[in-house]
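Some notes on the structure that comes next.
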Protein chains: 2
Amino acid sequence: MTTRWLTPEEQRAWRAYIAATHLLEDALDRQLQQDAGMPHLYYSILATLSEAPGRQLRMTDLAEALKITRSRLTYAVNRLEKDGLVRRESCRSDKRGSIAVLTDEGMAEVERAAPGHVETVRAALFDHLSEEQVGQLEEICGRITRALEGEDGARPAADDVPWRRRSSPPPCS
Amino acid sequence: MTTRWLTPEEQRAWRAYIAATHLLEDALDRQLQQDAGMPHLYYSILATLSEAPGRQLRMTDLAEALKITRSRLTYAVNRLEKDGLVRRESCRSDKRGSIAVLTDEGMAEVERAAPGHVETVRAALFDHLSEEQVGQLEEICGRITRALEGEDGARPAADDVPWRRRSSPPPCS
DNA sequence: TAAGTTTGTTTCAAACTTGAACCAAGCCCG
DNA sequence: CGGGCTTGGTTCAAGTTTGAAACAAACTTA
């Protein structure tokens, strides 16, 4: 099979994607490191927990929600636990399970850091996109996700995860 | 100033973005680690060099092209140098400077790995996007980049970097 | 031209990530 | 029940990233 190289348009888009994602991750990490002393992923973990019912989630569900590996999550939660922002509880119904619970301190931290984080996300992204483009971005990202998950696991889409269907204040992950 | 929280549409887009970028980076890293024994960034470095005139670039230019920090690049080039894929030369005109040169071995490695990489990028992304969406993606990413670079440095856009204006086979970074 | 600043790059320690290996605890079936 | 397979999580070593500090060569300017 002869390689289907990228067209010039695709190349441009791809390069733009690489550049934008690097810059954006860096900017978010820098801001949160300054403001909350933790990288973006760690904040996302707290934010995700803050939206879950009972402010808790099983490790696997949390990893799945954020699309990260379990071992990465284990390490991160260890740190957050050391900082007192998260606590681990063992699962009653399944003794293998471990549940990450957001502590009051953790919740306070999310609430403290959220405004600055949202502002950064806006400044870097949404303030420069039309409503249409917001929709386009979601659609494009959805396709990427489906392409990569469709492969093996037919996991439910993020918005179908039961604990995702709430309203309430949005710390944005 | 009262926080401008994300709208529900923005939240959805943001979550989709986080998920998609995590999944995509993971997929690319996995594929290249398997196929070429190096993470995506390292391949990007080789690919970028392979397109530069003389297959070489100053460290700073390379870092700028890929939007990564200089220290990250230093580490990566050290590894690639150890592997014999890149060689460092000192800059004649500016004795502070250091130039990364792609070795023949490095070039061969890019050529060997490129097809698989492009295939992965297609499978994860372009095969699922319409031509229109490819344009939208580029536009959106361009805005992110401008938003984040506009801040302090009015650096030239990637496509204006002189050594970018070539034709020739596209290993895609 | 000496002093002070900026620019290009590396260094170092601390923090983070990866992937494979491991340990339970559930599950499945004969 | 008693293997085997699967699932939920953690561990460990090796590799990578970060950010601040260190250096050295170039500029600037008094």
Side-chain angles (χ1 to χ4, degrees), chain A residues 21-23 25-45 56-83 86 88-101 152-153 155, chain B residues 21-23 25-45 56-83 86 88-101 152-153 155:
Chain A
T21 51
H22 279 170
L23 287 171
E25 249 323 90
D26 277 10
L28 292 171
D29 275 339
R30 248 196 318 281
Q31 187 267 320
L32 281 166
Q33 194 67 54
Q34 286 256 324
D35 251 51
M38 66 182 80
H40 181 211
L41 176 65
Y42 292 51
Y43 175 82
S44 295
I45 290 172
Q56 49 180 271
L57 236 26
R58 287 196 51 168
M59 293 297 278
T60 298
D61 295 336
L62 194 43
E64 165 61 18
L66 295 168
K67 310 297 183 197
I68 59 174
T69 62
R70 296 203 214 33
S71 85
R72 193 179 180 185
L73 180 60
T74 295
Y75 179 90
V77 168
N78 283 343
R79 197 257 231 200
L80 294 171
E81 199 170 22
K82 236 165 251 153
D83 295 349
V86 163
R88 261 185 250 250
E89 273 178 24
S90 53
C91 185
R92 199 171 307 292
S93 58
D94 181 346
K95 276 182 216 144
R96 290 168 302 181
S98 174
I99 302 184
V101 187
D152 59 0
R155 309 166 183 107
Chain B
T21 51
H22 280 169
L23 286 171
E25 246 324 88
D26 277 11
L28 293 171
D29 275 338
R30 248 197 319 281
Q31 188 267 320
L32 281 166
Q33 193 68 54
Q34 288 256 323
D35 252 50
M38 65 181 82
H40 180 210
L41 175 65
Y42 292 52
Y43 175 82
S44 295
I45 290 172
Q56 49 179 272
L57 235 28
R58 285 196 52 167
M59 294 296 278
T60 298
D61 295 336
L62 194 42
E64 165 61 19
L66 296 168
K67 309 297 180 195
I68 60 173
T69 62
R70 295 197 217 26
S71 84
R72 193 179 180 185
L73 180 61
T74 294
Y75 180 91
V77 168
N78 283 343
R79 198 256 231 203
L80 293 171
E81 198 169 23
K82 235 166 249 151
D83 294 350
V86 162
R88 259 187 251 251
E89 274 178 24
S90 53
C91 186
R92 199 171 306 292
S93 58
D94 180 346
K95 277 184 216 144
R96 291 168 301 181
S98 173
I99 301 184
V101 187
D152 58 1
R155 309 168 184 104

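For clarity, every value in this text was computed on a predicted model and none was experimentally measured. So you know, we letter chains A, B, ... as the sequences are listed, proteins then strands, and number each from 1.
- Within the structure, a side-chain polar atom (N or O) of S98(B) is placed less than 4.0 Å from OP1 or OP2 of dT10(C).
- Toward the 5' end of DNA chain C, the nearer of the two residues L41(A) and S93(A), judged by each one's closest nucleotide, is L41(A).
- Here dG8(C) presents its C1' atom at 14 Å from CD of E64(B), a figure rounded to the nearest Å.
- Note: CE (M38(A)) to P (dT17(D)) measures 22 Å, nearest angstrom.
- Along DNA chain D, the nucleotide nearest to D26(A) and the one nearest to R58(A) differ in position, and the one closer to the 5' end is contacted by R58(A).
- T74(B) comes within 4.0 angstrom of a base, heavy atoms only.
- Residue S71(A) is classed as a base contact, given a heavy-atom separation below 4.0 Å to a base.
- Heavy-atom nearest nucleotides on DNA chain D were determined for Q33(A) and for C91(A), and the one closer to the 5' end corresponds to C91(A).
- A sub-4.0 Å separation between OP1 or OP2 of dG15(D) and a side-chain N or O of R79(B) is absent.
- Put simply, CZ on R30(B) and NE2 on H40(B) are 13.5 Å apart, with the number rounded to the nearest 0.5 Å.
- In this structure, CG on D83(B) lies 7.0 Å from CE on M38(B), to the nearest 0.5 angstrom.
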**OP:** Could you check D29(A) against Q33(A) for side-chain contact (heavy atoms from CB on, under 4.5 Å), going step by step and ending with a plain yes or no?
**Re:** CA-CA 6 Å; D29(A) 275 339; Q33(A) 194 67 54; 5.8 Å; no
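- For M59(A) and dT7(D), the CE to P distance is 18 Å, given to the nearest whole Å.
- Two residues, R96(A) and G37(A), neighbour DNA chain C, and the one matched to the more 5' nucleotide by heavy-atom proximity is G37(A).
- For Y75(A) and dT10(D), the OH to C1' distance is 14 Å, given to the nearest whole Å.
- Between R70(A) atom CZ and dG19(C) atom C1' the separation is 13 Å, expressed in whole Å.
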Subject >> Candidate pair E81(A) and R88(A), rule side-chain contact (heavy atoms from CB on, under 4.5 Å), full reasoning >> reply: CA-CA 8 Å; E81(A) 199 170 22; R88(A) 261 185 250 250; 3.2 Å; yes
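- Going from atom NZ of K95(B) over to atom P of dG8(C) covers 17 Å, rounded to whole Å.
- One interatomic measurement links the two molecules: CG of N78(B) to P of dT17(D), which rounds to 12 Å at whole-angstrom precision.
- In this structure, CZ of R30(A) is placed 7 Å from P of dG19(D), rounded to the nearest angstrom.
- Counting only distance, with no hydrogens or angles, the side chain of H22(A) and the backbone of L66(B) share a donor-acceptor pair below 3.5 Å.
- The phosphate of dT16(D) (OP1 or OP2) has no side-chain N or O of R72(B) nearer than 4.0 angstrom.
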